[in-house]
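Written out below as structure tokens is the structure these notes cover.
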Amino acid sequence: MLKPLLVPIAALWLAAAPLHAAELPIFDAHVHYSHDAWERLPPKEAVAILRKAGLKRALVSSSGDEGTQRLVAEAPDLIVPSLRPYRTRGELSSWVRDDSVIAFLEERLSRSRYAAVGEFHLYGADAELPVPKRMVQLAKQHKLVLHAHSDADAVERLFQQDPQARILWAHSGFERPENVAALLRKHKNLWSDLAFRSEHGGAGKVPAEWRALFTEFPDRFMVGTDTFTPERWFYLVEHASWSRAWLADLPAPLAEAIAWRNAENLFSSWKAGAAP
Ligand SMILES: [Zn+2]
């Protein structure tokens, strides 16, 4: 019953990008390209993987930021850059108490343009520490989306610091659907990625509780692979195919929204080479 609905979208896509005519485009909102990834997988090859996966765009961050900049230089049409507050792997729990992170963020923000800051890991009352607080101020000043790998408590504290913030909740907090719904109901500027989760689409079917969640919030969800280790780059193509399989179990407009349109809207002010 859903197949015929997909035809007009496929036809539009055919006009836009003949290479992936039959595929639903995907905006992968959770890609990392850290130093150990680009040492093994040079930017040209990395971009080839993203194109092979049929990605329309990818939100990319990297520890050290250099990987992100290399990818942007290689494919400005494809890469939406996010600034991570980590310089090397292993800073994901120490950054909140490391004052030098602020100088790193300020220096990077003075040199390059970004659409987001993150993905950062931040839990509970740590959101009140000076370093995360300053990061939130910088995000506000530069109009950056906050990509937060956080519990609900930290998300609330981020919104208290900047009620106008736009937050992309990484992995939907690994929360159960009813808890995700509660936070989305409360905050209209909260979006949620589905990275590194599978219970919403195992075996190409969307379970009832997830279907209800996506239906209540059709414009808030987006997909993501989460290439948190270099090896996961080789999973990007398979992840895009897997996403298309479960998205096909949803009505076509909803599938299209989650596949790319919601992310495209969230980052609509981002244009390569222009201030976000
Ligand atoms: Zn991640």
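In this chain, numbering begins with 1 at the start of the sequence shown. Excluded from the calculations below are hydrogen atoms, water molecules and symmetry mates; all remaining heavy atoms, backbone and side chain alike, are included. Start at 1 and go down the list; that is how both ligands and their atoms are numbered.
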Sorted by chain and residue number, which protein N/O/S atoms are under 2.8 Å from the Zn ion (ligand 1)?
His30 NE2, His32 NE2, Glu119 OE1, Asp226 OD1
Can a salt bridge be assigned to the pair Glu216 and Arg185 using a cut-off of 4.0 Å between side-chain N and carboxylate O?
yes
Any salt bridge linking Glu91 with Arg89? Criterion: basic side-chain nitrogen under 4.0 Å from a carboxylate oxygen.
no
Between Arg97 and Asp126, is there a salt bridge with N-O shorter than 4.0 Å?
yes
Quick test of your reading of the model: are Glu107 and Arg111 salt-bridged, counting only N-O distances below 4.0 Å?
yes
Indicate yes or no: does Arg51 engage Asp77 in a salt bridge with an N to O separation below 4.0 Å.
yes
With a 4.0 Å cut-off on N to O distance, would you call Asp36 and Arg40 a salt bridge?
no
